[in-house]
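What follows is a set of notes on a single structure, which appears directly below.
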Amino acid sequence: MKLIKYGKVFSTQLLAKKIKNPRTWLVLLAKEQVAGYGRKGAVWFSPKGGLYFSIILPKSKIEDLQTLTILAAFIVAKVVKENFNLEPLIKLPNDIFVNGKKIAGILTENVVRPTFGEYPDVKLSVMGIGLNTNIKKFPKDLENIATSLKIELGKKVNNEKILKEIIKGLKEQLKTISE
Amino acid sequence: MKLKLKIKGKEYEIEISESKEGEVKINVGGKEFVFGKDEEKEKVLIAKPTFPKRDFSKKEIKAPITGVISEIFVKEGYYVKKNQKLLLLSAMKMENEIVSDFEGRVEKILVKKDQEVKGGETLIVLR
């Protein structure tokens, strides 16, 4: 896994989409996002402490990418459950809740070039994952709807260890889908 | 000389013969065409080869999958470059930026924001 670490960025998704000749499974990790976003442009609160990253996915059929995106939610939930003994709930398509509050979100963005043929050409696929790990506190408007691992567990977690487990899970799942 | 020709699955019996006067007779399925040396007895209409009508100057941008148009970045009359973002199509699990594969003018936008579209449906026509 090739990992590029950033400090404060607008959004890892935006960065990933701007990379020229992006390498498959390249991971862009940020400490903080000032314009993190989810589906339909919804703001993703991304202060320091959280885990925010985007992955360049291998070129795949659009249907496989769709399946992988759903599976990504299961992978993140599994990592949370197995490492921290919490009971995450998946709200399809791509949100993960713990104790009724959102803890993670997943967004896959594809750049698609329509072709005259039967299959569209997926030029680039970027999966962004935001997991509230070491966030101490949420602003008033979010405190009733969002939570973090630190709030739930009362202790700090290892962001990079979690990141590696998620990537490993995604690679395994993609292999299963495309076989 | 007798021969059989198969055209588009239909078989034609053709008989070609020559008269004493030097005329060439061609009988196709019972109908006789006679050709003199320097004259023609009956004009034979030969069908023009037909090609499927396709306007190659028009380029249709189609939905890669079923979803909802969440954003339209261009307007009719706009000139677009290759790889320029045209639309954003949200499928349940993904956001898909539809980019143009060629340069051209947006002739027609066939969809509206928040409209549901099916995979393969034409969204924009470029020329």
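Here is how names work: the chains are called A, B, and so on, in the same order as the sequence lines, proteins then strands, and each is numbered from 1. Treat the numbers as computed from the prediction; the structure is a model and nothing was measured.
- Annotation: A:Lys164, atom NZ; neighbour count of heavy atoms from other residues, nucleotides and ligands within 6.0 Å does not exceed 12.
- Atoms CD1 and NZ, on B:Ile65 and A:Lys61 in that order, are 13.5 Å from each other to the nearest 0.5 Å.
- The hydrophobic clustering, which links ILVMFWY residues whose side-chain heavy atoms are closer than 4.5 Å, places A:Met127 and A:Val27 together.
- Hydrophobic clustering keeps A:Trp44 apart from A:Val76 (ILVMFWY residues linked when any side-chain heavy atoms are closer than 4.5 Å, directly or through intermediates).
- The CG atom of A:Asn94 lies 10.0 Å from the CE atom of B:Met94; values are rounded to the nearest 0.5 Å.
- Cluster membership for B:Leu89 and A:Leu107, using ILVMFWY side-chain heavy atoms within less than 4.5 angstrom, is not shared.
- Heavy-atom distances place no part of A:Ile106 under 4.5 Å from chain B, backbone and side chain included.
- The 12-atom threshold is exceeded at NZ of A:Lys101, counting heavy atoms of other residues, nucleotides or ligands nearer than 6.0 Å.
- A 4.5 Å side-chain heavy-atom check between A:Arg113 and B:Asn83 finds at least one atom pair inside the cut-off.
- Two residues are said to be in side-chain contact when any heavy atoms from C-beta on lie closer than 4.5 Å; B:Asn96 and A:Ile62 meet this criterion.
- Of the inter-residue distances, the one linking B:Lys85 atom NZ with A:Lys17 atom NZ reads 5.5 Å to the nearest 0.5 angstrom.
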